[in-house]
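In what follows, a single structure is set out as structure tokens and then discussed.
Every heavy atom of this structure was used, including side-chain atoms; hydrogens, water molecules and symmetry mates were not. Quick note on labels: first sequence line is chain A, next is B, and so on, each numbered from 1.
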Protein chains: 2
Amino acid sequence: MTPPTTDAAPDLRTESPGRARILEIAAGLFLDHGYEAASVRRIADAVGIQAASLYHHFDAKEDLLTAILRQGMAVMDAAFDEAHEAASGHDARTRLALHVRAHLAALYENGPFTAVHVTTFRTAPEEVRAAIVPVRDAYEARWTDLLRSLVDAGHLAADTAVGPARLLLLGGMNATVGWFDPSVGSLDDLAETATRQFWSGLGRDPEGT
Amino acid sequence: MTPPTTDAAPDLRTESPGRARILEIAAGLFLDHGYEAASVRRIADAVGIQAASLYHHFDAKEDLLTAILRQGMAVMDAAFDEAHEAASGHDARTRLALHVRAHLAALYENGPFTAVHVTTFRTAPEEVRAAIVPVRDAYEARWTDLLRSLVDAGHLAADTAVGPARLLLLGGMNATVGWFDPSVGSLDDLAETATRQFWSGLGRDPEGT
DNA sequence: TGGCCTGCCTAACGCTCGTTAGGTAGGGTC
DNA sequence: GACCCTACCTAACGAGCGTTAGGCAGGCCA
């Protein structure tokens with residue numbers, strides 16, 4: 001087996017349990033209180049170590065956030081991959097439904113990493129944002145491609161503005177982190193509701209059908 | 001005319017220009033950097049006064065945020081009122097479209113007050129949130145009532161879960177503050193896109209119609 | 001003319017922030 | 001048994017935080 005030459009790209013499987021634990025706890029605090037309000041001392045307290053000991057694992061607080069956001073995006077990408085694989089052979093609506101469900105699942109089934117991305121990215125320090133923007137753009141481009149291909153195949157309205165459509169859909173899904181509680185509601189129901197709202201709309205003409 | 005007995009409830013028209021200016025500038029900084037990262041000294045610098053002078057207008061930094069969020073909600077309520085008035089006599093889809101357009105307009109046409117609400121509320125200090133939650137709930141209840149009435153009249157699908165539907169719609173609209181720039185795109189177009197996506201959906205069956 | 005209110009100032013308070021320096025206990029390797 | 005690496009510690013740094021005390025200039029009103 002090849003030696004574990006820890007490359008520039010951090011291998012998630014190689015992370016020590018200590019480092020992973022710190023990331024998870026820090027992500028939770030960033031999610032609840034925001035990046036600035038979650039001080040390194042509060043994070044260290046929650047982990048059960050001294051603040052200074054955090055610097056054995058990370059060079060700076062910003063790196064903590066960068067690592068968390070990166071991991072969140074990795075989860076979303078993996079979810080997209082899985083959905084893409086599972087979607088093959090199904091009809092267009094089902095394919096979209098699988099991706100919607102995958103995005104929502106990633107938001108709730110992988111610790112706070114993905115959710116903190118939604119809430120913290122906007123006001124993150126400039127250097128952190130600069131590091132994450134390309135990753136985020138790549139993920140959004142995958143959605144754009146998905147919708148574009150559905151338009152081209154005639155499954156979505158031909159005059160759909162793919163950009164706004166994608167942003168409204170993802171925006172609505174991401175905003176669910178502010179109110180949806182997976183321990184109360186069903187993720188499948190939420191995914192179906194979101195899919196239906198996007199695909200068929202809710203309007204009905206009482207005079208018509 | 002009655003004397004201006006400044007009551008517990010702050011009358012927006014009575015505010016001195018200094019106070020209004022501080023609120024506007026602080027709201028902009030809260031929007032760009034978040035509540036914690038926008039220090040009172042940075043706010044004071046932007047206003048052009050000393051940090052200590054802010055305390056002539058506000059008792060604490062938290063009160064600054066509370067006032068901003070309250071004003072943001074007042075703008076949204078006023079927009080809802082206006083839309084409700086303008087909607088009378090029109091068909092169901094147009095009535096909803098007017099409310100969608102009003103909500104989006106409030107997000108972009110009244111300085112940073114409404115937008116900062118969307119981005120800052122989640123991680124605001126507990127006391128601030130406690131003060132604002134009732135106002136926010138009241139606004140959301142107005143939307144719930146609107147959608148409920150449309151369902152009851154048969155204009156929206158009878159089996160619509162009004163709660164999630166409202167949250168997905170408002171979530172999508174609120175999330176536009178992360179990408180929409182009213183100086184580039186048209187607000188009317190955005191409103192129509194959002195309305196269509198919610199009302200008719202984008203899915204089309206290529207085998208069918 | 002004298003007093004008061006408004007709106008700002010300078011100076012400083014105690015506290016918390018992110019970060020660094022330097023030390024130590026324990027386990028693995030030659 | 002000497003060495004070193006990992007994972008933590010205590011102690012402290014300077015900077016910035018929100019906030020307060022006290023003063024001062026100018027306009028308003030009696």
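When the P atom of D/dG18 is taken as reference, atom OH of B/Y55 falls 6 Å away, rounded to whole Å. The CG atom of A/D59 sits 13 Å away from the C1' atom of C/dG18 (whole-angstrom rounding). Here C/dG18 presents its P atom at 16 Å from CD of A/E127, a figure rounded to the nearest Å. Atom CG of B/D63 is separated from atom C1' of D/dT19 by 12 Å (rounded to the nearest Å). B/F58 places its CZ atom 12 Å from the P atom of C/dG7, with the value rounded to the nearest Å. Put simply, CG on A/L64 is 13 Å from C1' on C/dT19, counting in whole angstrom units.
In this structure, A/A52 reaches the bases: a heavy-atom distance under 4.0 Å links it to at least one base atom across the strands shown.
Using cut-offs of 30° and 60° for the angle between ring planes, the B/F121 and B/H117 rings count as parallel. Note: B/F80 and B/H99 have tilted aromatic rings, judged against thresholds of 30 and 60 degrees for the angle between ring planes.
Within the structure, every side-chain polar atom (N or O) of A/H56 is placed at least 4.0 Å from both OP1 and OP2 of D/dC8. Between B/H57 and C/dC8 there is a side-chain polar atom (N or O) within less than 4.0 angstrom of OP1 or OP2.
Near DNA chain D, meaning a heavy atom under 4.0 Å from it, residues 29-47 of chain B has B/S39, B/V40, B/R41 in order of number.
Nearest heavy-atom pair, B/A87 versus B/L98, reported as atom, atom and distance to 0.1 Å: CA-CD1, 3.6 Å.
Distances were taken from every side-chain heavy atom of B/A51 (C-beta onward) to each of D/dT19, C/dC8, C/dT19; the shortest belongs to D/dT19. Closest approach to the A/Q50 side chain among D/dG18, D/dT10, C/dT19 is made by D/dT10 (side chain taken as heavy atoms from C-beta onward). Nearest nucleotide to the side chain of B/I49, out of C/dT19, D/dC9, C/dC9: C/dC9.
Taking the ring centre of A/Y35 as origin, the terminal cationic atom of A/K61 falls inside the region bounded by 6.0 Å and 45° from the ring axis.
Test B/L107, B/L104, B/L190 against B/F180 for side-chain contact (heavy atoms from CB on, under 4.5 Å) and you get one pass: B/L190.
In the model, B/S183 has a side-chain atom that pairs as donor or acceptor with a side-chain atom of B/D181 under 3.5 Å.
The closest side-chain heavy-atom distance from A/Y108 to A/V177 is below 4.5 Å.
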